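Heads up: the structure comes next, in structure tokens.
Note that these values count all heavy atoms, side chains included, but never hydrogens, waters or copies made by symmetry. Here the structure is a predicted model, which means the values were calculated and not measured. Starting from 1, each residue takes its place in the sequence as its number.
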Amino acid sequence: MTGEISLDDRHTVAGRFWHPLDDGRLQCDVCPRACRLREGQRGLCFVRGRVADQVVLTSYGRSSGFCVDPVEKKPLNHFLPGTPVLSFGTAGCNLSCRFCQNWDISKSREIDRLTDAAGPDDIAEAAERLDCRSVAMTYNDPVIFLEYAVDVADACRARGIKAIAVTAGYITDEPRRELFAHLDAANVDLKAFTDDFYHRISAAHLQPVLDTLLYLRHDTDVWFEITTLLIPGHNDSDGEIDAECAWIADNLGTDVPLHFTAFHPDFKMRDVPPTPPATLTRARRIALGHGLRFVYTGNVHDPEGGQTICPACGTVVVERDWYVIGRYGITGDGRCAGCGAAIPGHYDGPAGQWGARRLPVSVGRR
């Protein structure tokens, strides 16, 4: 497929956030990249572009595929533990991460590869049919398909199904308010804690991501957790990890779950070695030293790094082995079964038993 944009395409819909410039271009206002477009041009994300003197989304209702995953894979350890989530993404991304592990989706310029055509109601119906407690917009960032993401979230909520975003949080203020008003949970990818890393490795900036985290914590009821992928030699120094954890404790509080995950060579960083498990253990120790109560390791086999511990009595209330939950000691209303202390998160009954299964599914039309 070429980059040509057509309003005759049923997957092209009007965008909500843009404005005209004095030089005749239109500026997309969804993210801080602020792409300035002439007729027929696309933004860096590729799925938003200009046609007929408006900025449009060209991937509404098109997906790179659907899969039922454990919610812990998002990762969310404090949101409906053990339950299945229907996951999907589209194409494109508004960042340019050299280490992207979904690069075949996020950097795709072939929208015709999006073979699953599914409207919001199709997705909500499928989630209900598959007994999924939630739907996650993931694989690429829902920020860039905001109009589709909002409609999917609303369709799911109408059926009592929760809506989740897995996002880098690279979004401007008004779209941020619009998107998160329709969501129940999010995992925000805090890629590093220096603007130098964001500039060199992701072609972006750190502050908008911090703004998203501050907004979620202080202005919404959205449950959120944070993930940092530790890349050897790039964002894994004691000093940087220490600064990140101190900022989280001071600005977001000590109850926000933090996941440190292991890098593996991919995309344009195949010359960087995998993250040693000891790096994750070290990062977790630093975070705990700052008083963060719920710190996890991922992409490695580390039962200790998967445990949820009651901050009041020190009891292990959730044992995890990869995505499989073993011992579970949280009551239906989110309290330690031993001492009754509240365990922050979203709980409404016993843990689910979806485990580590991954189930590709077909949704909608092809």
Side-chain angles (χ1 to χ4, degrees), residues 70-83 85 133-134 162 164 184-188 190 213 216-218 220-228 230 238 241-242 244-261 277-356:
V71 73
E72 286 80 7
K73 194 174 182 179
K74 298 307 98 188
L76 290 171
N77 280 0
H78 292 239
F79 189 80
L80 302 176
T83 62
V85 53
R133 296 293 311 280
S134 56
K162 304 298 184 182
I164 298 169
D184 300 288
N187 184 285
V188 179
L190 179 56
L213 291 169
L216 286 169
R217 173 63 181 88
H218 299 290
T220 78
D221 292 324
V222 175
W223 176 256
F224 71 99
E225 305 185 16
I226 299 170
T227 296
T228 298
L230 293 178
D238 282 3
I241 294 168
D242 186 81
E244 174 181 328
C245 296
W247 184 89
I248 291 171
D250 291 344
N251 292 274
L252 307 179
T254 56
D255 286 341
V256 176
L258 173 60
H259 302 256
F260 289 114
T261 58
T279 297
L280 304 183
T281 301
R282 171 170 54 87
R284 184 169 182 265
R285 183 173 62 248
I286 292 171
L288 292 172
H290 278 281
L292 301 187
R293 296 179 172 185
F294 307 104
V295 187
Y296 301 103
T297 58
N299 292 347
V300 294
H301 185 241
D302 179 14
E304 183 176 348
Q307 294 176 346
T308 298
I309 298 173
C310 173
C313 69
T315 299
V316 176
V317 290
V318 184
E319 292 179 343
R320 298 180 184 86
D321 189 356
W322 290 104
Y323 305 120
V324 177
I325 291 178
R327 181 179 184 275
Y328 188 79
I330 300 179
T331 63
D333 60 350
R335 296 185 175 276
C336 171
C339 73
I343 307 297
H346 187 103
Y347 313 95
D348 63 1
Q353 297 300 319
W354 181 257

**Request:** Evaluate the criterion side chain to side chain contact (heavy atoms under 4.5 Å, CB included) for residue pair Phe260 and Glu244; output intermediate values, then yes/no.
**Result:** CA-CA 12 Å; Phe260 289 114; Glu244 174 181 328; 4.3 Å; yes
**Request:** Verify side chain to side chain contact (heavy atoms under 4.5 Å, CB included) between Trp247 and Leu252, making sure each step is shown before the conclusion.
**Result:** CA-CA 8 Å; Trp247 184 89; Leu252 307 179; 3.7 Å; yes
**Request:** Mind running side chain to side chain contact (heavy atoms under 4.5 Å, CB included) on Lys74 and Phe79 for me, showing each step along the way?
**Result:** CA-CA 10 Å; Lys74 298 307 98 188; Phe79 189 80; over 6 Å; no
**Request:** Could you go through the side chain to side chain contact (heavy atoms under 4.5 Å, CB included) check for Gln353 and Ile325 one step at a time?
**Result:** CA-CA 7 Å; Gln353 297 300 319; Ile325 291 178; 5.6 Å; no
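Using cut-offs of 30° and 60° on the angle between ring planes, the pair Phe294 and His78 is perpendicular.
Taken to the nearest 0.5 Å, the CG atom of Asp184 stands 13.5 Å off from the CH2 atom of Trp223. Of the inter-residue distances, the one linking Phe224 atom CZ with Leu76 atom CG reads 11.5 Å to the nearest 0.5 angstrom. Rounding to the nearest 0.5 Å places OH of Tyr296 at 12.5 Å from CG of Asp302. Taking CD1 of Ile330 as the start and OG1 of Thr315 as the end, the distance is 11.5 Å to the nearest 0.5 Å. Note that CZ of Arg217 is 8.0 Å distant from CG of Asp255, once rounded to the nearest 0.5 Å. Expressed to the nearest 0.5 Å, how far CG of Asn187 lies from CD1 of Ile226 amounts to 8.5 Å.
Residues Tyr347 and Thr331 have side chains that never bring a donor and an acceptor to within less than 3.5 angstrom of each other. Residues His290 and Asp242 bring a donor and an acceptor atom of their side chains to less than 3.5 Å of each other.
Taking all atoms of both residues into account, the shortest heavy-atom contact from Cys336 to Val317 is SG-CG1, 3.8 Å. Listed here is the closest heavy atom pair of Ile309 and Gly314: CG2-O, 3.5 Å. Taking both residues in full, the closest heavy atoms of Gly355 and Pro70 are given as O-CB, 3.1 Å, listed atom of the first, atom of the second, then distance. Residues Tyr328 and Gly349 approach most closely at OH-O, 4.3 Å, considering heavy atoms.
With sequence neighbours left out, the side chain to side chain contact (heavy atoms under 4.5 Å, CB included) criterion links Pro350 to no other residue. Every residue two or more places apart in sequence or in another chain that forms a side chain to side chain contact (heavy atoms under 4.5 Å, CB included) with His218 is listed here: Leu214.
Judged by distance alone, the side chain of Arg320 and the main-chain N or O of Asn77 form a donor-acceptor pair under 3.5 Å. Judged by distance alone, with hydrogens and angles left aside, the side-chain atoms of Glu72 form a donor-acceptor pair with the main-chain N or O of Gly82 at under 3.5 Å.
None of Leu288, Ile343, Thr254, Leu258 except one satisfies the side-chain contact (heavy atoms from CB on, under 4.5 Å) rule with Arg293; the exception is Thr254.
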Under 3.5 Å, side-chain donor or acceptor atoms of residues 277-286 against the rest of the protein: list the pairs with distances, not counting sequence neighbours.
{"unit_1": "Thr281", "atom_1": "OG1", "unit_2": "Pro277", "atom_2": "O", "d": "3.3"}
{"unit_1": "Arg282", "atom_1": "NH1", "unit_2": "Asp236", "atom_2": "O", "d": "3.0"}
{"unit_1": "Arg282", "atom_1": "NH1", "unit_2": "Asp238", "atom_2": "OD1", "d": "2.5"}
{"unit_1": "Arg282", "atom_1": "NH2", "unit_2": "Asp236", "atom_2": "O", "d": "3.1"}
{"unit_1": "Arg284", "atom_1": "NE", "unit_2": "Val295", "atom_2": "O", "d": "2.8"}

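Environment of CG in Asp221: sparse, with no more than 12 heavy atoms of neighbouring residues, nucleotides or ligands closer than 6.0 Å.
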